[in-house]
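Worksheet: one structure, shown below.
Since the model is a prediction, treat every value here as computed from it, not as a measurement. Residue numbering restarts at 1 for every chain, and letters A, B, ... go by the order of the sequence lines.
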Number of protein chains: 2
Amino acid sequence: MMISEVAERTGLSISTIRFYEKSGLCPFVQRGSDGKRRFSKTDADWLELLASLRSTGMPLVEMRAFAELYASGDGKVPERKAVLLAHRRRLEDRQAELDRCRVILDRKLKRYDEIIKDQA
Amino acid sequence: MMISEVAERTGLSISTIRFYEKSGLCPFVQRGSDGKRRFSKTDADWLELLASLRSTGMPLVEMRAFAELYASGDGKVPERKAVLLAHRRRLEDRQAELDRCRVILDRKLKRYDEIIKDQA
DNA sequence: CTACCTACCTGAAGCTACTTTAGGTCAAGC
DNA sequence: GCTTGACCTAAAGTAGCTTCAGGTAGGTAG
């Protein structure tokens with residue numbers, strides 16, 4: 001699979017994928033004899049997982065630690081589990097923030113509507 | 001109100017509040033004769049709203065546009081409403097992303113548990 | 001009275017996570 | 001053979017902060 005296809009499937013930009021490779025988040029991607037990256041299905045799935053973690057707030061440094069655990073195989077599965085559990089707690093926090101913001105927005109919007117009505 | 005109190009109430013850091021002022025997100029904050037910032041209740045509320053918008057993904061450039069509308073008074077309430085409505089749509093997107101990630105995490109975690117069980 | 005502590009101030013440099021730009025390779029199509 | 005398009009690299013630029021270095025003003029302990 002070429003880089004543009006992976007970009008499409010993961011939602012990451014091509015530059016971001018290259019940047020991730022350089023940052024050690026997917027150092028295992030092979031190259032063809034033409035020097036271009038060839039992504040396996042597994043590579044693409046891994047990047048899809050990274051994209052999901054990233055877009056919900058995992059910092060790169062944590063993703064890199066996770067990538068290193070991933071690279072050292074199934075022996076590190078308990079550690080990998082811990083990373084994902086920690087991230088799930090982060091999801092809860094983000095969820096709460098979204099909810100709080102929604103309440104604030106709805107209150108504000110209601111007040112705006114009253115002002116608009118009064119102006120009319 | 002001094003800056004540290006506003007920081008505590010909004011969850012923004014002191015540096016971020018200063019940075020926001022410099023960026024034109026709250027250019028109306030008064031100074032005492034000692035040169036220090038004095039925040040009114042209104043200022044603090046405004047910053048709390050900004051904090052909420054920011055933490056849920058509104059970019060600074062959009063917040064600045066919103067601040068300018070805010071500064072020009074109730075005439076701009078319809079435009080302000082539009083900004084908040086657009087942001088509420090963004091909340092939906094973020095929500096969906098969180099949900100998607102949660103599904104992926106739970107699936108992964110289940111698989112990890114199986115691997116751990118098999119290893120034991 | 002002076003020495004120190006704390007809370008504020010500024011401007012500038014540093015950091016994270018990308019994005020954009022400039023310049024280059026190579027195969028395919030006209 | 002010349003252009004177009006997809007890839008490549010290294011380097012510079014950007015967003016949104018944070019940290020640092022250096023400075024002022026008030027309060028208090030010796």
Side-chain angles (χ1 to χ4, degrees), chain A residues 1-40 43-44 46-68 87 90 94 97 101, chain B residues 1-40 43-44 46-68 87 90 94 97 101:
Chain A
M1 206 183 302
M2 296 298 269
I3 198 168
S4 57
E5 196 182 338
V6 179
E8 212 170 318
R9 286 160 75 124
T10 59
L12 298 170
S13 77
I14 290 178
S15 321
T16 301
I17 295 171
R18 294 204 267 245
F19 170 70
Y20 280 5
E21 189 194 35
K22 200 158 52 175
S23 309
L25 298 181
C26 53
F28 39 72
V29 174
Q30 302 298 310
R31 301 287 180 123
S33 54
D34 52 2
K36 299 181 179 175
R37 294 173 183 81
R38 294 301 146 86
F39 298 82
S40 68
D43 296 345
W46 170 248
L47 279 165
E48 207 174 333
L49 174 59
L50 287 189
S52 187
L53 295 173
R54 186 68 200 92
S55 76
T56 53
M58 184 181 287
L60 284 208
V61 62
E62 199 171 326
M63 283 169 55
R64 192 152 94 203
F66 187 52
E68 276 159 22
H87 190 63
R90 191 149 33 200
R94 298 232 149 186
E97 233 160 39
C101 186
Chain B
M1 203 185 306
M2 296 297 269
I3 198 168
S4 57
E5 196 182 339
V6 179
E8 211 169 320
R9 286 159 75 123
T10 58
L12 297 170
S13 77
I14 291 178
S15 322
T16 300
I17 295 170
R18 294 205 267 247
F19 169 71
Y20 280 5
E21 190 194 32
K22 201 156 51 171
S23 310
L25 299 181
C26 54
F28 40 69
V29 173
Q30 301 297 310
R31 302 286 181 125
S33 55
D34 51 2
K36 298 181 179 175
R37 293 173 184 82
R38 294 300 147 88
F39 297 83
S40 67
D43 295 345
W46 171 248
L47 280 164
E48 206 175 333
L49 175 59
L50 287 189
S52 187
L53 294 174
R54 186 70 199 89
S55 75
T56 53
M58 185 181 286
L60 285 206
V61 61
E62 199 171 327
M63 284 169 55
R64 191 151 92 205
F66 186 52
E68 275 159 23
H87 190 63
R90 191 150 31 203
R94 297 230 149 190
E97 234 160 37
C101 186

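For the pair B/R9 (side chain) and B/E48 (backbone), a donor-acceptor distance under 3.5 Å is absent. The closest donor-acceptor contact from the side chain of A/W46 to the backbone of A/L25 lies under 3.5 Å.
For the pair A/K22 NZ and C/dT16 P, the computed distance is 15 Å after rounding to whole Å. Between the CD1 atom of A/I3 and the C1' atom of C/dT19 there is a distance of 14 Å, given to the nearest Å. Computed from coordinates, the B/L50 CG to D/dG16 P distance equals 13 Å when rounded to whole Å. For the pair B/D34 CG and C/dT10 P, the interatomic distance rounds to 11 Å; values are reported in whole Å. Taking atom CG of residue A/L47 and atom P of nucleotide C/dC18, one finds them 12 Å apart after rounding to whole Å. Summarising the geometry, the separation between CD1 on A/I17 and C1' on D/dT9 is reported as 16 Å, rounded to the nearest angstrom. With rounding to whole Å, B/L25 atom CG is found 13 Å from D/dA15 atom C1'. As rounded to whole Å, 12 Å separates atom C1' of D/dG16 from atom CG of B/L12.
Using a 4.0 Å heavy-atom cutoff across all strands shown, A/T16 reaches sugar-phosphate atoms only and no base atom. Note on B/S13: only backbone sugar-phosphate atoms sit closer than 4.0 angstrom, heavy atoms only; bases stay farther off.
Nearest nucleotide to the side chain of B/F19, out of D/dG16, C/dC18, C/dC8: D/dG16. Residue A/R31 has its side chain nearest to D/dC8 when only C/dT10, C/dC18, D/dC8 are considered. When each of C/dC9, D/dC17, D/dC7 is scored by its nearest atom to the side-chain atoms of A/I14, the top-ranked nucleotide is D/dC7. Considering only the side chain of B/S4, C/dA7 comes nearest among C/dA7, D/dC8, C/dC9. Nearest to the side chain of B/R37, among C/dT19, D/dT18, C/dT10, sits C/dT10. Which of C/dC18, D/dT9, D/dC17 sits closest to the side chain of A/R18 comes down to D/dT9. With D/dC8, D/dG16, C/dA17 as the candidates, the nucleotide lying closest to the side chain of B/L60 is D/dG16. Here D/dA6 is the nucleotide among C/dT19, D/dA6, C/dA7 with the atom lying nearest to any side-chain atom of A/K36.
Heavy atoms only, all atoms of each residue included: A/F39 and A/L47 are closest at CE2-CD1, 3.8 Å. Contact between B/A7 and B/S13 at its shortest, heavy atoms only, is CB-C, 4.4 Å.
A side chain to side chain donor-acceptor pair (under 3.5 Å) with A/E62 holds for exactly one of A/R90, A/R54, A/H87; it is A/R90.
Toward the 5′ end of DNA chain D lies the nearest nucleotide of B/P59, the other residue of the pair B/P59 and B/S15 mapping further downstream.
Applying the 4.0 Å criterion to OP1 and OP2 of D/dC17, one finds that B/R54 has a side-chain N or O inside that range. Residue B/Y20 has no polar side-chain atom (N or O) positioned under 4.0 Å from OP1 or OP2 of D/dG16.
The number of heavy atoms from other shown groups lying within 6.0 Å of CZ (A/R64) does not exceed 12.
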